[in-house]
Every structure is written in structure tokens, then in C-alpha cells.
Amino acid sequence: MIEQHHMRQFLLFVFALLIPTFVLWTVASGPLAAPAIGLVNLILTHWFPDVVNTLYVDGSQALLMTEFGEKDGMLAPLAGAEYRLGFPVNTRILSYSLPFYTALHFATQKKEYLYSYVRGLLILYPLFVFGLLCLCLKELMVNVGATFFNQPGVFVPNANVIGILYQFNVLIVPTLAPAIVWLWQSKESQLLRSALGNL
Amino acid sequence: MTRFVTVFLLLLLTLFTLEVLKPVQEHVIVPFTGMLASLSDAIILPFDSSVVAYGKVLQFRDTGFAVSIEAGCNGVEAAIVLIAAIIAFPARWRDRLLAIGLGFLAIQVINLIRIISLFYLGNWNMDVFSWIHLYLWPALIMLDVLIVFVVYLRYLSRNKQPTAATGD
């Protein structure tokens, strides 16, 4: 009965917290993503200086600007192009791990909330940064193509590796990482202790 | 716990890599997604005459709004997470297989609710549709996986034989 009570309480709290945390995150997703965008900008502009111009915050998303333009629908060097080619990157498809973790964390009865919450965020944020890097690599692979892969003297990951990393970081990590961090941090909670029993 | 996490992550990577391989997509994922689309059609059509279905597409006659149920909408990734967690946790194979079967069913029931709710939400408001489709429903599906796993742990804890080994 006590086990059911813990589970019921957890479910009630998690459903009550999901909508407000997601709404808050929607409002704050631009500023939240800014440090990650800045870091990935540093990595990409140093890794691919001849391909990536900059990655910057554009409202709630990021814009990945290249060193190329477009002429007659074809990729062209910037000098002869009509405009600089850039691609929007939706950072929210990665950063929703943060409100999901927030809802899980605060829905669980614990002795201490804030310190462990900050520790959880410190684990999730680097994963968000890595996911954003993979998302940008996928954009460059799809939109710049052979020019991206054939940069002299620059290591470019294999297309299959970029594809798998992109899929894994978009489809699995944003929901799985908060769940793992929550499980790890909640193993001493009454909810999990009562579920684990004598296992 | 460390052993569980290591085995879980290895299994997860293996299953996920298998899932994205072309033959697996062609012979397993695409037919399964088609079956899910047919099931969604079969649930909606008897209750709503304003909806038509062809193949994996559901459409409203009056507004013309349509959704196509594609790979990625099929709950397979969530099922992979659950399968990896169940196998990584020490238990008898009979319990593991039972949990995988029931857990897969639980995920697919929630996923059907997701598909149908998104179809109606999209007809009402595209912004709300995109927000719930891209961000809220994936979190809810993972929450479903978490709950199934915690319930499975509770089942194992209650049914643990005093003389039985904890791993196979």
C-alpha cells in the first residue's frame, strides 16, 4: 500500500509539474541555449574554419552561417554568390531534457533538492552541447555535402557516424539522459527503495 | 548499479545501431509503422466520419489537414530503451520476456493515444501540434517507460525467490 502511495504521489506531482516546467522552458529556451550555442560556435569555427562562419542565437533557435553562398541554386564560393548560406537549427529538440528532468526531480520526495538539481543540470547541459554539435554536423553534411567532407587536412567524421550520432542525440538522449540522472539520484528515495525492496 | 548502467548503455547502443540499419528499417521498422497506421485508422474511422484514411495517411475531409505516420512515430526507440533496461537488470529470463512483452504493449497503447491526439490537435492548431509533438509527447513516452520499469522492479522485488540466483 505504501509503495502504491509513493507511486501515486510521484505520478500526480510529475503530471502537475510537466506543463509549468515546459511552459517556463519555452519562454526561456533562447537564453538557456545561448551558452551552448556559444561553445558549439567556438568548436565549429576552429574545427572547420573554411566551412563555418558562425553559429549564433536567433530568437529561440540558432543560425548556422557558412562560408559559402548560393548561385543559381548551387553551392558557390562567397565571392561569386548572391548571399551567404545559413541554416536554422532548432535547439529546443535537444534542450527539452531540462524541463523534463526538472519535473521528474521535483516530483520525487527527497531530503535535499537544490544541490542535486544543480548537479543534474551540470550533467545534462554538456549532453545538450554535444547534441547541438551533432545537429550542426548533420546540417553541414546534408546541406554542404561533398565540400564539407573533402576539406584538405581536416578530420571530418564519416557520414554514417554523423547520421547515427544525430539520430541518437535527437531521438534518445533528450528523454533518456534525464531519466537516467533521475534514477541515479533517486535510488535512495522512498519511491525507488520501496520498488527495489530486497533486490 | 554501475554494472547495470554499463550493460544498459552497451545494449542501447547495439539495439539502436541495429534499428537504423537499412535492412532492419526495410523489413521491420517500415512494416511495423504501417501496421501502426492501420491500427490508428481502425480506431478513428468508426467514430469519426469526417476522417478518411489511405495507407499511412489520416486526413480530415473538411479542413484537408492530414498526418502521415512515419518511422520515428512508432515508439520503437522508447521500446529499445525499455528492452535494454530490462535485459540489463538481473532477473530470470521468463520475467524479462514477460516484462518486455507487456512493456512493449504499454508503450504502443500510449503511442496510439499520442498519434490520435496529435491528429486532432493538428487540425485545431499547428503551433500547439508542433510543440506537443516535438517536446511534450516524447517526454510522456519516456515517462511511460520509466513507470513500466519501476513497476517491473516492484514485481521482481515481490516475487523474488529466497533460493533463486539474482542473475542468469
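In what follows, every heavy atom counts, from backbone to side chain, and hydrogens, waters and symmetry copies are set aside. Predicted, not measured: the structure shown is a model, and the values here were computed from it.
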S.K.: Tell me, yes or no, whether the heavy-atom count around B:Arg3 atom CZ, taken from other residues, nucleotides or ligands under 6.0 Å, exceeds 12.
M.R.: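 12 or below, so no.
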
S.K.: Can you tell me how far CG of A:Leu176 sits from CD of B:Glu77, rounded to the nearest 0.5 angstrom?
M.R.: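 Separation between the atoms: 12.0 Å.
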
S.K.: Nearest 0.5 Å, what's the OG-CZ distance between B:Ser157 and A:Arg193?
M.R.: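 Interatomic distance, B:Ser157 OG to A:Arg193 CZ, rounded to 0.5 Å: 12.5 Å.
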
S.K.: So if you build clusters from Ile, Leu, Val, Met, Phe, Trp, Tyr with side-chain heavy-atom gaps below 4.5 Å, do B:Val145 and B:Ile100 land together?
M.R.: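 They do share one cluster, since a chain of ILVMFWY contacts under 4.5 Å joins B:Val145 to B:Ile100.
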
S.K.: Got a second to check how far A:Ile180's CD1 is from B:Phe8's CZ, nearest 0.5 Å?
M.R.: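 Reported to 0.5 Å precision, the distance equals 4.5 Å.
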
S.K.: Quick one: closest heavy-atom pair of A:Tyr96 and B:Ala139, and the distance?
M.R.: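 Closest pair (atom of A:Tyr96, atom of B:Ala139, distance): CE1-N, 4.4 Å.
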
S.K.: Name the orientation class of the two ring planes belonging to A:Phe168 and B:Phe16 (parallel below 30°, tilted from 30 to 60°, perpendicular beyond 60°).
M.R.: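 Ring orientation of A:Phe168 relative to B:Phe16: perpendicular.
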
S.K.: Given the rule in the side chain to side chain contact (heavy atoms under 4.5 Å, CB included) test, do B:Ile147 and A:Leu11 qualify, once you have shown the distances and angles that lead to the verdict?
M.R.: CA-CA 9 Å; B:Ile147 292 165; A:Leu11 287 176; 3.0 Å; yes

S.K.: Between B:Leu13, B:Leu143, B:Thr17, which has the largest tally of heavy atom pairs under 4.5 Å with chain A?
M.R.: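 Looking at each option in turn, the highest pair count goes to B:Leu143.
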
S.K.: Hey, quick one: are A:Val51 and A:Leu42 part of the same hydrophobic cluster, counting side-chain heavy atoms closer than 4.5 Å, chains of contacts allowed?
M.R.: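 Unlinked, A:Val51 and A:Leu42 end up in two clusters.
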
S.K.: Please determine, among B:Val20, B:Leu134, B:Leu146, B:Ile80, the option with the most heavy-atom pairs under 4.5 Å with chain A.
M.R.: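 Sorted descending by pairs with chain A, the first entry is B:Leu146.
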
S.K.: Under a 4.5 Å heavy-atom cut-off, does chain B meet the side chain of A:Trp182, its backbone, both or neither?
M.R.: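 Contact with chain B involves the side chain of A:Trp182 alone.
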
S.K.: Are A:Tyr101 and A:Leu114 linked, directly or through other ILVMFWY residues, by side chains that come within less than 4.5 angstrom of each other?
M.R.: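 No; tracing contacts between hydrophobic side chains, which count when under 4.5 Å, never links both residues.
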
S.K.: Would you call the rings of B:Trp131 and A:Trp25 parallel, tilted or perpendicular if under 30° counts as parallel and over 60° as perpendicular?
M.R.: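 B:Trp131 vs A:Trp25 ring planes: tilted.
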
S.K.: Does B:Leu12 share a hydrophobic cluster with B:Phe4, counting links as ILVMFWY side-chain heavy atoms below 4.5 Å and allowing steps through other members?
M.R.: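 Yes, one cluster joins them.
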
S.K.: Going only through I, L, V, M, F, W and Y residues with side-chain contacts under 4.5 Å, is there a path from B:Leu112 to B:Val30?
M.R.: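 Shared cluster, no.
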
S.K.: To the nearest 0.5 Å, what is the distance between CD1 (A:Ile172) and CE (B:Met142)?
M.R.: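 Between A:Ile172 CD1 and B:Met142 CE, I get 7.0 Å after rounding to 0.5 Å.
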
S.K.: Tell me, side chain or backbone of A:Asn90 under 4.5 Å from chain B's heavy atoms, or both, or neither?
M.R.: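 Side chain only.
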
S.K.: Within a 6.0 Å radius of atom NZ on A:Lys187, are there more than 12 heavy atoms belonging to other residues, nucleotides or ligands?
M.R.: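 Counting neighbours around NZ of A:Lys187, more than 12 heavy atoms of other residues, nucleotides or ligands fall under 6.0 Å, so yes.
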
S.K.: Check the pair B:Ile132 / A:Phe22 against side chain to side chain contact (heavy atoms under 4.5 Å, CB included), numbers first and verdict last.
M.R.: CA-CA 10 Å; B:Ile132 293 182; A:Phe22 270 75; over 6 Å; no

S.K.: First locate atom OH of B:Tyr135, then atom OG of A:Ser29, and finally report the distance between them rounded to the nearest 0.5 Å.
M.R.: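 The OH atom of B:Tyr135 sits 7.5 Å away from the OG atom of A:Ser29.
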
S.K.: Side chain from CB out, backbone as N, CA, C, O: work out which of these in A:Leu192 comes under 4.5 Å of a heavy atom of chain B, or both, or neither.
M.R.: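 For A:Leu192, side-chain heavy atoms alone lie under 4.5 Å from chain B.
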
S.K.: Got more than 12 heavy atoms from elsewhere within 6.0 Å of CG, A:Leu122?
M.R.: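 Atom CG in A:Leu122 is crowded, with more than 12 foreign heavy atoms closer than 6.0 Å.
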
S.K.: As an exercise, state the distance from CG of B:Leu136 to CZ of A:Phe100, rounded to the nearest 0.5 Å.
M.R.: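 CZ of A:Phe100 is found 10.0 Å from CG of B:Leu136.
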
